[in-house]
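Here's the structure we're looking at; comments come further down.
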Amino acid sequence: MAVVREFTLPDLGEGLTEATIVHWLVEVGEVVAIDQPVVEVETAKAMVEVPCPYGGVVTARFGEEGAEVPVGEPLVTVAVGAVPDDLAGAVPGTEPGSGAGAQGGAPEAPAPPASSTEEDSGSGNVLVGYGTGAAAARRRRIRPGGASPLGGAQRPPEGAATGPAGAAAADRAPGVSGGVHAEAAAVGPAGTTGANGAAGAGAEEAGSRTVPVISPLVRRMARENGLDLSEVTGSGRDGLILRTDVECAIRELRERELPRVVPLPGAETPAVPTPGAARPAGAAAGAGALPDEERIPLKGMVGAAAEKFSRSRREIPEATCWVDADATELLAARRAMNVPGAPKVSLLALLARICTAALARFPQLNATVDTKAQEIVRLPAVHLGFAAQTERGLVVPVVRDAHARTVEDVSAEIARLTETARAGGLSLAELTHGTFTLNNYGVFGVDGSTPIINHPEAAMLGVGRIAAKPWVHEGELAVRQVVQLSLTFDHRVCDGGTAGGFLRFVADCVEQPALLLRTL
């Protein structure tokens, strides 16, 4: 007899209390294995897949794509031990409920056994990014002509309630002891994809052309502004339409809709307000009226970053010092390292290695402040974070144990983390527990900055652009490659002398890379 288990959104750690559903990986009626990912969610930290600790048949899903689900609320219900009869009967010698099935006459791997231990606790691995490590079984789906083992439908009806309130009001599935949240609905006509739009990984159909869109937020933005995505050219990989593409298209659409004013000869040209400008008081909304201001909710990664910035400014008494340095010799050393056939070493990796050497000399800055215990905690290892700008916003991947890595190893790890960040695949472990941050804002073409410390760290080194400037070199005026370095530090962990000594050591290593040999 099937036992239905409810799988709720697990505790994601790091103080995260909710997640946004990005893409469902299973349909109602599909057979899932223990620890098989069932949904892709976006937290304030990263985009991750959530594995289900139960194996069986998915009987219900809760939440549409783009919906926010609090921790502890249900995601799916799974009938543990139930296997569809049509799948079992496809292979000779199998009994209904045995877990064997076929597609095209080929037998599939048996479903996980429904032992009493699994029925009670599942795999126990419900945290994001963790599992038993066993390969997930191949997913199987009930065909439209077959009923689910619980007598319910294979997917919720269009517009059906999927939250906790709607689940409580749904009919209890027949033949299930105790009753669970299961949605009963008839299967739609052949070819329909249901309320969640199962057109693959977020793709939309516009006529005969498939529009590559992953984010449901991008699709909703286009829909609310009356934008046809088939007319938008994506700037992402393989033509993927990104949020910036939709925003640019919306601005162009609004500009085309503005009335064109042709002044008469000698008449004063009236000013045409720009899109998004404030509407004059008392102006009536009608034909030709400007759209309302755009409101962007502080949710997800944007909201988490805003909260972290605010908390940093509230709690940390920060100070900033800076210095100009001649980076000509550092660039020459990098060119000498990057010989043909050898792994490439990035400039950021060299700066990262200089930071670890400076932190070994000034460990006061590799610390955090325990406000509850009123203690400064100096940390033994350097987990170096570096700021990376992505399509989804600013993220800070962390290079673990950077102090124990070679320059080549640090360079390879930075390249890997950067590529993963741009693809939105960083895990929580790769985004947390940093002890010091390196911020290369020179890539934006600016010289200096006073960055906000990445709470709860104690310091951040900023690096401006490297530009040719007049410089006194060996007593003579010359054109050299100059960079501005800035250090923002928590004044509770050290005084200005320590901060100045750290920054001066970094500048000396930039100007004379041979000084690093003393610390290796």
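Side chains included, hydrogens not; waters and symmetry mates left out as well; all remaining heavy atoms used.
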- request: Ignoring hydrogens and angles, tell me if any N or O in the side chain of E413 forms a donor-acceptor pair with the backbone of V410 under 3.5 Å.
  value: no
field: Heavy-atom pair with the smallest gap, counting every atom of L298 and A306
entry: CD2-CB, 4.3 Å
message: Has R314 got a side-chain atom pairing as donor or acceptor with F309's backbone, closer than 3.5 angstrom?
response: no
query: Which pair of non-hydrogen atoms, one from P397 and one from A388, has the smallest distance, and what is that distance?
result: CD-CB, 4.1 Å
- line: In short, R465 meets G445 closest at the heavy-atom pair CD-O, 3.8 Å
task: Tell me yes or no: between the side chains of T437 and E457, is some donor less than 3.5 Å from an acceptor?
output: yes
field: Residues D495, T498; criterion side chain to side chain donor-acceptor pair (under 3.5 Å); working and verdict
entry: CA-CA 6 Å; D495 54 21; T498 301; 3.3 Å; yes
field: Reported CD-to-CD1 distance for the pair Q484 and I466, which is rounded to 0.5 angstrom
entry: 12.5 Å
- request: Please round to the nearest 0.5 Å and tell me the distance separating atom OG1 of T233 and atom CD1 of I241.
  value: 8.0 Å
- prompt: Does the pair D401 and V382 meet the rule for a side chain to side chain contact (heavy atoms under 4.5 Å, CB included), with working shown?
  reply: CA-CA 5 Å; D401 298 314; V382 178; over 6 Å; no
field: Side chain proximity check, D490 to P317, heavy atoms < 4.5 angstrom
entry: yes
task: Could you walk me through whether W322 and L485 pass the side chain to side chain contact (heavy atoms under 4.5 Å, CB included) test, one step at a time?
output: CA-CA 5 Å; W322 56 89; L485 305 171; over 6 Å; no
Aromatic contact, F436 with F386 (centres under 6.0 Å): no
query: Any luck finding a side-chain donor-acceptor pair between T320 and T488 under 3.5 Å?
result: yes
- prompt: Do the non-hydrogen side-chain atoms of H433 and V398 ever get within less than 4.5 Å of each other?
  reply: no
field: Flag, side chain of N338 to backbone of V345, donor-acceptor distance under 3.5 Å
entry: yes
Side chains of L75 and T8 in contact at under 4.5 Å (non-hydrogen atoms): no
field: Side-chain heavy atoms of E293 within contact of R295, under 4.5 Å
entry: yes
field: Heavy-atom check, side chain of H473 versus side chain of D326, under 4.5 Å
entry: yes
message: Let's go through E430 and R416 carefully: what are the C-alpha distance in whole Å and the side-chain angles of both, what is the deciding distance for salt bridge (Lys or Arg N to Asp or Glu O under 4.0 Å) to 0.1 Å, and is it a yes or a no?
response: CA-CA 11 Å; E430 294 170 325; R416 184 191 70 82; 3.1 Å; yes
field: Residue pair L350, R334: steps toward the side chain to side chain contact (heavy atoms under 4.5 Å, CB included) verdict
entry: CA-CA 8 Å; L350 286 174; R334 177 174 176 261; 3.7 Å; yes
field: More than 12 heavy atoms from other groups under 6.0 Å of CZ on R422
entry: no
statement: Correct closest heavy-atom pair for A381 and N366 would be O-ND2, 3.0 Å
query: With side chains defined as the heavy atoms from C-beta onward, is the minimum distance between T418 and Q389 less than 4.5 Å?
result: no
message: Between W24 and G63 (side chain of the first, backbone of the second, donor and acceptor by atom type, cut-off under 3.5 Å), is there such a pair?
response: yes
task: Please name the pair of heavy atoms, one in V22 and one in V41, separated by the smallest distance, quoted to 0.1 Å.
output: CG2-C, 4.1 Å
message: I need the minimum non-hydrogen distance between L426 and A421, along with the two atoms involved.
response: CD1-CB, 3.4 Å
- prompt: Do L431 and V395 come close enough that some side-chain heavy atom pair is under 4.5 Å?
  reply: yes
query: Salt-bridged, E511 to R480, with N to O below 4.0 Å?
result: no
Full working for side chain to side chain contact (heavy atoms under 4.5 Å, CB included) between L365 and L487: CA-CA 10 Å; L365 293 169; L487 177 69; 4.2 Å; yes
message: Between K308 and H455 (side chain of the first, backbone of the second, donor and acceptor by atom type, cut-off under 3.5 Å), is there such a pair?
response: yes
query: Taking the side chain from S411 and the backbone from V407, do they hold a donor-acceptor pair closer than 3.5 Å?
result: no
task: Answer yes or no: is there an ion pair linking D508 with R504, defined by an N-O contact shorter than 4.0 Å?
output: yes
Side-chain touch Q481/E329, heavy atoms, less than 4.5 angstrom: no
task: Evaluate the criterion side chain to side chain donor-acceptor pair (under 3.5 Å) for residue pair E318 and H491; output intermediate values, then yes/no.
output: CA-CA 6 Å; E318 61 187 27; H491 223 315; over 6 Å; no
- request: Please answer whether the main-chain N or O of E307 pairs with a side-chain N or O of S310 as donor and acceptor at a distance below 3.5 Å.
  value: no
